[in-house]
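This structure is a prediction, so every number in the text was calculated from the model and none was measured. Atoms considered below: every heavy atom in the structure, side chains included; atoms not considered: hydrogens, waters and symmetry mates.
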Amino acid sequence: MKRRHEQKLIILSLLLLICFNMPILLLFDSAASLFGVPVIYFYIISICVFSIIISLYIVNKYHE
């Protein structure tokens, strides 16, 4: 894997670190629900799925 593709994965890791930071998580900590699921659970699961899809795309596209 080339250096620039590794950098993309590092940037993705830093974005995940920001997304799972406690002040950001507290923004979604409420009693409200979305499709019957608490908002914080929906946020955490959607960020995890998003990160898996993006990292899979980077690894598959740039695998050499």
Side-chain angles (χ1 to χ4, degrees):
M1 188 176 293
K2 292 185 179 179
R3 182 107 176 124
R4 66 175 182 231
H5 310 308
E6 291 175 0
Q7 291 173 352
K8 290 178 184 178
L9 291 174
I10 291 172
I11 290 172
L12 178 65
S13 299
L14 291 174
L15 286 174
L16 287 174
L17 182 68
I18 292 170
C19 288
F20 289 127
N21 199 357
M22 189 54 71
I24 304 296
L25 284 176
L26 290 176
L27 291 174
F28 297 99
D29 189 25
S30 65
S33 64
L34 188 63
F35 303 115
V37 178
V39 176
I40 192 153
Y41 293 158
F42 189 78
Y43 172 75
I44 291 172
I45 291 171
S46 63
I47 292 297
C48 286
V49 169
F50 176 74
S51 68
I52 290 169
I53 291 171
I54 295 297
S55 61
L56 184 67
Y57 175 75
I58 291 171
V59 170
N60 281 340
K61 185 174 181 181
Y62 300 115
H63 182 68
E64 297 170 350

Shared hydrophobic cluster for Ile45 and Phe20 (ILVMFWY, side-chain gaps under 4.5 Å): no
Is there a path from Ile58 to Ile11 through hydrophobic residues (I, L, V, M, F, W, Y) whose side chains come within less than 4.5 Å of each other? no
Hydrophobic clusters here meaning ILVMFWY residues chained together by side-chain heavy-atom distances under 4.5 Å, can you tell me if Leu16 and Tyr41 are in one? yes
Using every non-hydrogen atom in the two residues, find where Leu12 and Ser51 come nearest and quote the distance to one decimal. CD2-O, 3.8 Å
Mind checking the CG-OG spacing from Asn60 to Ser55? Nearest 0.5 Å is all I need. 9.5 Å
Report whether Val59 and Ile54 are members of the same hydrophobic cluster (ILVMFWY, side-chain heavy atoms less than 4.5 Å apart, transitive linking). yes
Quick one: do Ser33 and Val39 satisfy side chain to side chain contact (heavy atoms under 4.5 Å, CB included)? Show the steps, please. CA-CA 5 Å; Ser33 64; Val39 176; 5.7 Å; no
Take Tyr43 and Ile24 through the side chain to side chain contact (heavy atoms under 4.5 Å, CB included) test and state the conclusion after the steps. CA-CA 10 Å; Tyr43 172 75; Ile24 304 296; 3.4 Å; yes
So, taking the atom named CD1 in Ile52 and the one named CD1 in Ile47, what distance separates them when rounded to the nearest 0.5 Å? 11.5 Å
Can Ile40 be reached from Val37 by stepping across I, L, V, M, F, W or Y side chains whose heavy atoms are under 4.5 Å apart? yes
Taking atom CG of Leu27 and atom CE of Met22, what is their separation to the nearest 0.5 Å? 11.5 Å
